[in-house]
2 protein chains.
Amino acid sequence: MAQRGRPRGFDRDHALRRAMELFWQVGYEGASLTALTTAMGITPPSLYAAFGDKEALFREAVGLYDRTEGAEADRALWTEPTARGAVREMLLANVAASTDPHKPSGCMIVLAAMTGPARGDQVRAFLAESRRTSAEALRRRLDDGRRSGELPPDTDIDTLAGFYVTVLHGLSIQARDGAGRAALAAVVEQAMRAWPAAGHPPADLVRAGAPTARAGRRPGGPSGP
Amino acid sequence: MAQRGRPRGFDRDHALRRAMELFWQVGYEGASLTALTTAMGITPPSLYAAFGDKEALFREAVGLYDRTEGAEADRALWTEPTARGAVREMLLANVAASTDPHKPSGCMIVLAAMTGPARGDQVRAFLAESRRTSAEALRRRLDDGRRSGELPPDTDIDTLAGFYVTVLHGLSIQARDGAGRAALAAVVEQAMRAWPAAGHPPADLVRAGAPTARAGRRPGGPSGP
DNA sequence: TCAATTCTGTAGTGATTGATATATAAAGAG
DNA sequence: CTCTTTATATATCAATCACTACAGAATTGA
């Protein structure tokens, strides 16, 4: 049967990518329907038929952002052999994604909707939840490091995770304020100097390819900022 | 002569404070004239007669924020005897101002206008300039510490300043996401563990009340986030 | 070909935006 | 008192907001 009526006259994925770039640049409230339809090269009825409404389009754009710009940071968190290396590479991947000269600077999840009128509550909560999820992923990676012996058993995992999430989010502000890739990479290296003094890392685990047995089982989850 | 015509029927300072709190909570674009006039307890013509327009009101609100919420952080930067103590107290003062249960969370300078439509360019540039100024103040304080011998002569001041400004800005995101005062204070202590290994601090200078001879001459400057 | 279905462009919807015209009220100056 | 000056409240302005009614166009199934 295939599709019945008149076929869509535009590339949905391409249009979604344009919408993502606009939301990334000017935020959710800052992207008007006029600006969106112009950027996407379609008319309002086409947008609503294909995506629902502005909020649904935004959520799809965030999903695309996660799968593209945020993928590398998420991957680094669970492929690096050590927790320290995972955090470092995650932060550096975020810097790389936040300082591409051909794309908006900073992380969309952090910048697109921090404040706004009461009617945008759900959108802000959606992004906040995405940030919370990636913060929890970071915390779990650190906890793996603690249990593997890389971090001392008495390490305050919540505080350490909170610190690196704070740096992660701060990097987006710095990037939007014009900081370059080299400068922010140096900031990441500086942040790694706050890493706790070595615990008793079992050399076999630290040098193993996977941080713990659980690593391979959690490939997904919103990558976040 | 005094004032000629009908006297103003409201307290201008009080109204400005209400406007500041609303801008702080929902941002520049998020605060509609209706919401502003309701919060300030005045009508639109009174607002425009007293403050000019929305953008001028916002700039005055930012000035009030600097003089009140940001004052303690700015003061700490130039009264603490050591650069390390100055940075630490500045960050802790920011945490305190960002986690008052009776006020909006996070720093207004960071949160009120990170993204938005093209027409808000000047407002965002105004806040970005405020952030740049406070970042430069932090850099100068670190440079003082380097020249006093507290920090090693080869310390990368720009990177160290960039790191602590990144933490400073990240704290506002964390606070707006619901992080509490104790958690963020612990994050600050964690950030201080990235402080460079001691240089050759001349004990007389480190214990002196002022960081350097220049300290007393720069009391002001926008306090920033 | 004809009917059914889906998409597209034009042109608009009511609601809300920041900002004001107008008339009146309240003060000092003379 | 009158005149001038400034502030206030009502009622609105044009522009923009997210969104959609409508009719025509383009496809499939019969």
Side-chain angles (χ1 to χ4, degrees), chain A residues 1-16 18-19 22-23 25-61 112-113 115-124 126, chain B residues 1-16 18-19 22-23 25-61 112-113 115-124 126:
Chain A
M1 57 174 67
Q3 55 193 10
R4 281 284 303 241
R6 174 175 173 173
R8 185 176 287 126
F10 62 95
D11 184 334
R12 192 181 190 277
D13 292 338
H14 181 258
L16 178 59
R18 292 299 176 87
L22 184 62
F23 280 131
Q25 175 67 41
V26 304
Y28 175 73
E29 300 286 347
S32 70
L33 258 295
T34 301
L36 281 167
T37 52
T38 299
M40 299 166 80
I42 62 178
T43 58
S46 295
L47 188 154
Y48 281 83
F51 298 99
D53 61 4
K54 184 185 175 182
E55 182 174 333
L57 172 63
F58 180 75
R59 290 171 187 263
E60 274 203 59
T115 58
R119 71 172 177 285
D121 272 347
Q122 296 184 10
V123 166
R124 286 192 298 280
F126 175 70
Chain B
M1 57 174 70
Q3 53 191 12
R4 281 287 303 251
R6 173 175 174 175
R8 185 177 287 125
F10 63 95
D11 184 334
R12 192 181 189 278
D13 292 338
H14 178 73
L16 177 59
R18 292 299 176 88
L22 185 62
F23 280 132
Q25 175 65 42
V26 304
Y28 176 74
E29 300 286 347
S32 70
L33 258 295
T34 302
L36 281 167
T37 52
T38 299
M40 300 167 80
I42 61 178
T43 58
S46 295
L47 188 154
Y48 280 84
F51 298 99
D53 61 5
K54 184 184 175 183
E55 181 173 333
L57 171 64
F58 180 75
R59 290 171 187 263
E60 275 203 59
T115 57
R119 78 174 114 78
D121 273 350
Q122 296 183 10
V123 166
R124 286 191 297 280
F126 175 69

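Chain naming here is simple, since letters A, B, ... match the order of the sequence lines and numbering starts at 1 in each. Here the structure is a predicted model, which is why all the values come from computation and not from measurement. Values below: every heavy atom of this structure, side chains too, minus hydrogens, waters and symmetry copies.
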Expressed as a whole number of angstroms, how long is the span from B:F51:CZ to D:dT8:P? 10 Å
Could you state the CG-P distance from A:D53 to D:dC19, rounded to the nearest angstrom? 5 Å
Six-ring centre of B:F126, B:R124 cation under 6.0 angstrom, axis tolerance 45°: no
Please report, rounded to the nearest Å, how far the C1' atom of D:dT16 is from the CD atom of A:E29. 14 Å
Mind running a 4.0 Å heavy-atom check of residues 35-50 of chain B against DNA chain D and sending the residues that fall below it, in number order? B:T43, B:P45, B:S46
Let me know the distance between NZ of B:K54 and C1' of C:dT20, rounded to the nearest Å. 17 Å
Between B:E55 and B:G5, just flag the one whose closest nucleotide in DNA chain C comes earlier from the 5' side. B:E55
Are any of the side-chain nitrogens in B:R12 or B:E60 under 4.0 Å away from the carboxylate oxygens of its partner? yes
Residues A:R119, A:E29; criterion salt bridge (Lys or Arg N to Asp or Glu O under 4.0 Å); working and verdict: CA-CA 10 Å; A:R119 71 172 177 285; A:E29 300 286 347; 3.5 Å; yes
B:L33 CG to D:dA14 P, straight-line distance once rounded to whole Å: 18 Å
In terms of side-chain heavy atoms of A:R8, which of C:dT8, D:dC19, C:dG18 is nearest? C:dT8
Is there a side-chain contact between B:F51 and B:M40 (heavy atoms, below 4.5 Å)? yes
Close side-chain approach of A:Q122 to A:R59, heavy-atom, < 4.5 Å: yes
Rounding to a whole Å, what distance do you find between A:R6:CZ and D:dT27:P? 8 Å
Both A:P7 and A:Y28 contact DNA chain D. Which one's nearest nucleotide lies toward the 5' end? A:Y28
Would you mind reading off the distance between A:F58 atom CZ and D:dC17 atom C1', rounded to a whole angstrom? 18 Å
Comparing A:T34 and B:F10 on DNA chain D - which has the more 5′ nearest nucleotide: B:F10
When the distance from CZ of A:R12 to P of C:dT6 is rounded to whole Å, what number comes out? 16 Å
Among A:P45, A:S46, A:P44, which residue satisfies the side chain to side chain contact (heavy atoms under 4.5 Å, CB included) criterion with A:T37? A:P44
Does A:K54 count as lying over the ring of A:Y28, i.e. NZ or CZ under 6.0 Å from the six-ring centre, within 45 degrees of the axis? yes
